[in-house]
Number of protein chains: 2
Amino acid sequence: MAASTLTEVARLAGVSPATASRVLNGSARKPGKDIADRVRQAAESLGYVPNAQAQGLAKSSSGLIGLIVHDIADPYFAAIARGVQEAAREQRKMVLLATTGGGPAEEREAVAAFAARRADSIVIAGSRSCREEDHDGNTALAAELDRYCRNGGQVAVVGHPVVGATAPEGYHVLRVPNRELADRLATELAGSWDGDFVIVGGPEGLLTSDDRVNGFQEGLARAGRRPAEVLRSAFNRSGGYEAGLELAARIKAGRSAEGAADPKLCIFAVNDVMAIGAAAALRSEGLRIPRDAAIAGFDDIETLRDFRPALSTVRLPLEDIGRLATRATGRGPAAGDAAEDAAPAGIAGEVTLRRSTETAA
Amino acid sequence: MAASTLTEVARLAGVSPATASRVLNGSARKPGKDIADRVRQAAESLGYVPNAQAQGLAKSSSGLIGLIVHDIADPYFAAIARGVQEAAREQRKMVLLATTGGGPAEEREAVAAFAARRADSIVIAGSRSCREEDHDGNTALAAELDRYCRNGGQVAVVGHPVVGATAPEGYHVLRVPNRELADRLATELAGSWDGDFVIVGGPEGLLTSDDRVNGFQEGLARAGRRPAEVLRSAFNRSGGYEAGLELAARIKAGRSAEGAADPKLCIFAVNDVMAIGAAAALRSEGLRIPRDAAIAGFDDIETLRDFRPALSTVRLPLEDIGRLATRATGRGPAAGDAAEDAAPAGIAGEVTLRRSTETAA
DNA sequence: GCTAATTGGGAAAGCGCATTCCCACTGCTT
DNA sequence: AAGCAGTGGGAATGCGCTTTCCCAATTAGC
C-alpha cells in the first residue's frame with residue numbers, strides 16, 4: 001500500500017526532507033516556528049502517514065516484539081500474551097504473533113521470520129522439550145537464536161533455556177519455579193490426603209512437565225509418602241481426558257474389588273487444562289470430585305474461576321510472566337539483569353487448595 | 001539489530017546484488033547454475049538473513065496483517081485470533097496484534113500504527129458502538145480507515161461496519177447473523193420454557209449486544225410471549241455477575257412472596273462470559289441452575305465445554321470468522337466479494353440447548 | 001559464415017526515511 | 001567594522017533491497 005511521503009510534505013511546505021523530519025519527529029536541531037507550522041500543516045493536509053518500514057531501515061530499529069506461543073486460544077498462552085502486550089505498549093512497540101504447534105522446528109521458523117523483520121526482541125513462551133525426536137529442531141532453534149542474538153537481538157525464554165542454546169549476550173531466561181511449587185503442592189496435599197497419589201504428566205522430556213512431576217514426587221517423598229505413579233499423556237486437555245478415562249476405570253475396578261473403605265486417589269495433573277480434561281473424563285464415567293477422587297492442576301488459568309468443583313492448583317502470575325519477559329528484553333543488559341535477578345522474587349507462585357481436593361472431614 | 005546484507009552476499013559470490021536477489025528470491029530471469037551455487041553458498045556462509053523491512057520498502061508490500069481485539073485473553077477473541085493466524089499462515093503473512101480496551105479511539109490508534117507499518121490488511125474483531133460517548137472516536141476511526149483503504153489497504157470488520165465508515169474500495173464487512181440467531185434461540189426456549197424471560201445485555205449502543213437483545217425479543221414476540229425485561233451491564237463476565245446478583249435477589253424475593261408455584265426465570269445473557277458471570281452470581285447466592293433459574297448465553301466459546309451445568313448457547317464458528325475475515329482481505333476485490341457473498345452461508349451459527357435451560361418434565 | 005533472436009549479468013534508479021556535515025546568517029564582543 | 005560563536009536549513013549519503021533497462025555473449029536459423 002502507498003501513502004503520502006515525507007518528501008511530499010517537505011515539498012509542499014517548501015523545506016527540505018531533513019527539516020520536515022526534524023519537525024515531525026523531533027531533533028536536537030529545532031526548526032523555526034514558521035517553518036514548523038508550515039510542515040505540520042502540509043502533513044495534515046496531505047494526510048501524511050509515516051512509513052515505519054523506512055524509519056526502521058534508516059534507524060536500524062523496528063519497534064517490533066516477536067511472541068511465540070503454542071496456541072493463542074489456550075488460556076495459559078493468552079494470559080501471557082496479554083502481559084506481553086501490556087509491556088510492549090509501555091515500550092511503544094508492537095507485538096508480532098507467531099502460533100506454533102509446539103515443536104522447536106516450527107519455533108525456529110518463527111524466529112527466522114522475526115529476524116527477517118528485524119524484531120527488536122523475541123519472547124518464547126512455550127515449554128522446552130529435550131525429547132529425542134526434537135533434537136534436530138532444538139539444534140536448529142538454538143543456532144537461529146544464537147545468530148539472532150549475535151546480530152543484536154534480545155530474547156527472553158519463559159521457563160527453561162532452549163536446549164543447546166549458548167546463552168549469548170542478549171539471551172535471557174525467565175525461570176519459573178515449577179519444581180519447587182509442585183513440591184509444595186504435594187507437601188500440602190500429603191498433609192490432608194490419606195489416599196494414593198497419581199500424576200498425569202505430559203510427554204517425558206517436556207521440561208515443564210518433568211519439573212512439575214519431579215517436584216511433586218519430591219514433596220511426596222519428604223512427606224514420607226511413596227512415589228506416585230506417573231501416567232504420560234499429551235500436554236493438553238485431551239491428554240488429560242485420556243488419562244482420566246484410564247484412572248476412572250481403575251477407580252471403578254478398585255472400588256468393586258475392595259469396597260468403600262479403599263482410600264481414594266488424588267490426581268495431580270501437571271497443568272490446569274489437563275486437570276480439566278481428567279475431571280471431565282471422571283465425570284463422564286459417573287465419578288464425582290472430590291467424592292470419588294481428588295484432582296489438582298497447575299497454572300491457575302483465568303477460566304478456572306468458573307470451573308466446578310473449584311480446582312486446587314498452583315497459581316502462576318501468567319500475565320506478570322509475559323510482562324517481565326518482555327521487559328527483560330526491553331532495555332539492554334541492565335534490564336536483562338534486573339529481570340533475571342528479580343526472577344526468584346518476581347515469579348512467585350502459590351499453592352491454592354480448593355474444593356477439588358477437599359477431604360470429607 | 002544488524003545482520004549480513006544481500007550486498008555482502010553478492011560481493012562474496014562475485015556477482016551483482018541484482019543477481020544475488022534473483023538467486024535467493026526467484027525471478028523471471030534465471031541466473032546460471034554456477035552463479036546460483038556460488039550465491040547460495042555465500043549466503044549460507046555469511047548467515048544471511050533477509051531484511052523484510054527493506055524488502056517491504058522495495059516491493060511496497062509488508063506481508064503484515066493487523067489484528068485488533070479488545071482482550072486477547074477473552075476466549076471469544078482468542079478463538080478469532082487463532083483463525084486469523086491460520087489464514088495468515090496460508091498467505092505467508094505475519095499477524096501484528098493490537099489489544100485495545102474496546103473503544104473506537106483506541107482502535108483508531110491501532111489502525112494508524114498498522115498503517116505506518118504498511119500492513120497489507122487489517123482485521124477488526126471487536127463490537128461496534130454507536131453510543132454518544134464514542135461518537136468522536138467513531139468519526140476518527142472511520143476517517144483513519146478511509147485513508148487506509150484509499151492508500152490501498154484492505155480492511156475486514158467482524159459483525160458491523162464501523163460507524164460512519166464510507167465503505168471504500170477494500171473495505172469488507174463480515175456479517176454475523178446475531179439477530180437471527182438470537183431470535184431463533186428465543187423461539188426454541190419459548191417452546192419449552194413456561195416462565196418469564198429476562199435479558200442481560202451489554203451497554204445500549206453496543207451493536208452486537210443490541211442485535212442479540214432485539215433478536216431475542218423478536219423471537220419471544222413471534223412465540224406469543226411478552227417482551228423480556230432487559231438489564232444493561234458491562235459486556236464482560238463481571239457485568240454478567242452484577243446483573244446476576246440483582247436477578248438472584250429478585251428470584252429470592254419473588255420466591256418468598258409467592259411460594260414455589262411461581263414460574264421460574266430464564267435468563268438470556270448476550271454473550272457466554274456474561275452468562276458465566278450471571279451463573280456464578282446465582283450460585284454465590286445459593287441458587288441452582290436450572291432448578292431455580294435457567295441461563296443461556298451466546299458464542300459457544302471453547303472453554304464453555306467444561307462449564308457446568310452445560311450452558312445453552314448459540315454456537316458461532318469463531319475460528320471460521322477469523323479465517324474468513326482474513327481471507328476477505330487477502331487477494332483483492334474478488335476475494336472480498338467471495339467472502340461477503342459467502343457470509344450468509346459461511347457464517348452460520350446454531351442454537352444449542354443444553355442442561356442450563358432444561359425444564360423438569 | 002552471417003544475421004537475428006534470446007538469454008543472462010550488471011549498472012542504475014528508487015522505495016521513504018534519518019542523520020551528518022557544510023554553509024549561511026545573525027548576534028555579540030572587541 | 002571585523003571576527004567569532006551559535007543556530008538553523010539544505011544537500012548529500014546511506015540504510016537493504018527490488019526491478020528495469022542496457023549491453024554483451026551465445027545460440028539458432030538460414
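To find a chain, count down the sequence lines: A is the first, B the second, and so on, and within it residues start at 1. In this text the structure is predicted, and so the values were computed from the model without any measurement.
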Side chain to side chain contact (heavy atoms under 4.5 Å, CB included) between Asp120(B) and Ile65(B), worked out:
CA-CA 6 Å; Asp120(B) 297 330; Ile65(B) 297 177; 5.7 Å; no

Which pairs, protein N/O on one side and nucleotides 15-18 of chain D N/O on the other, fall under 3.5 Å?
{"from": "dG16(D)", "atom 1": "N2", "to": "Ala54(B)", "atom 2": "O", "distance (Å)": "3.4"}
{"from": "dC17(D)", "atom 1": "OP1", "to": "Tyr48(B)", "atom 2": "OH", "distance (Å)": "2.7"}
{"from": "dC17(D)", "atom 1": "OP1", "to": "Asn51(B)", "atom 2": "N", "distance (Å)": "3.2"}
{"from": "dC17(D)", "atom 1": "OP2", "to": "Leu6(B)", "atom 2": "N", "distance (Å)": "2.2"}
{"from": "dT18(D)", "atom 1": "OP1", "to": "Asn25(B)", "atom 2": "ND2", "distance (Å)": "2.6"}
{"from": "dT18(D)", "atom 1": "OP1", "to": "Gln55(B)", "atom 2": "NE2", "distance (Å)": "3.1"}
{"from": "dT18(D)", "atom 1": "OP2", "to": "Ser21(B)", "atom 2": "OG", "distance (Å)": "2.5"}
{"from": "dT18(D)", "atom 1": "OP2", "to": "Asn25(B)", "atom 2": "ND2", "distance (Å)": "3.0"}

Taking only N/O atoms, report every protein-nucleotides 22-24 of chain D pair under 3.5 Å with atom names and distance.
none

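First and last contacting nucleotides of DNA chain C toward chain B (any atom under 4.0 angstrom from a heavy atom, 5' to 3' order): dG8(C) to dG16(C).
Around atom CD of Gln41(A), no more than 12 heavy atoms belonging to other residues, nucleotides or ligands sit under 6.0 Å away.
Atom NE2 of His160(A) and atom OG of Ser129(A) lie 11.5 Å apart (nearest 0.5 Å). Here the straight-line distance linking atom CZ of Arg40(A) with atom OG of Ser45(A) works out to 14.0 Å at 0.5 Å rounding. Interatomic distance, Thr329(A) OG1 to Gln154(A) CD, rounded to the nearest 0.5 Å: 6.5 Å. Taking SG from Cys130(B) and CG from Asn138(B), the interatomic distance works out to 8.0 Å, rounded to the nearest 0.5 Å. Between atom CZ of residue Arg327(A) and atom CD of residue Glu90(A) there is a gap of 4.5 Å, rounded to the nearest 0.5 Å.
Between its two ends, the helix from dG1(C)-dC30(D) to dT30(C)-dA1(D) turns its axis by 50°, counting five pairs per end and rounding to 10 degrees.
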Please tabulate, one pair per line, all N/O donor-acceptor pairs under 3.5 Å involving side-chain atoms of residues 27-36 of chain A, not counting sequence neighbours.
{"from": "Ser27(A)", "atom 1": "OG", "to": "Arg29(A)", "atom 2": "N", "distance (Å)": "3.2"}
{"from": "Lys30(A)", "atom 1": "NZ", "to": "Ser27(A)", "atom 2": "O", "distance (Å)": "2.8"}
{"from": "Lys33(A)", "atom 1": "NZ", "to": "Asp37(A)", "atom 2": "OD2", "distance (Å)": "3.1"}

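Looking only at side-chain heavy atoms (C-beta outward), Gln85(A) and Arg82(A) stay at 4.5 Å or farther from each other. Proximity of Asn51(A) to Arg117(B): side-chain heavy atoms (C-beta onward) are nowhere separated by under 4.5 Å. Using a 4.5 Å cut-off on side-chain heavy atoms (C-beta onward), Arg118(A) and Leu64(A) make no contact.
Gly14(A) comes within 4.0 angstrom of the backbone, heavy atoms only, and of no base.
Listed by first and then second residue, the ring pair (Phe, Tyr, Trp, His ring centres under 6.0 Å) pairs that reach into residues 23-74 of chain B are His70(B)-Phe77(B), sequence neighbours excluded.
One atom, CD1 of Ile35(A), and another, C1' of dG10(D), lie 10 Å apart when rounded to the nearest Å.
In summary, Arg128(A) and Glu107(A) engage in a salt bridge, as defined by a charged side-chain N under 4.0 Å from a carboxylate O.
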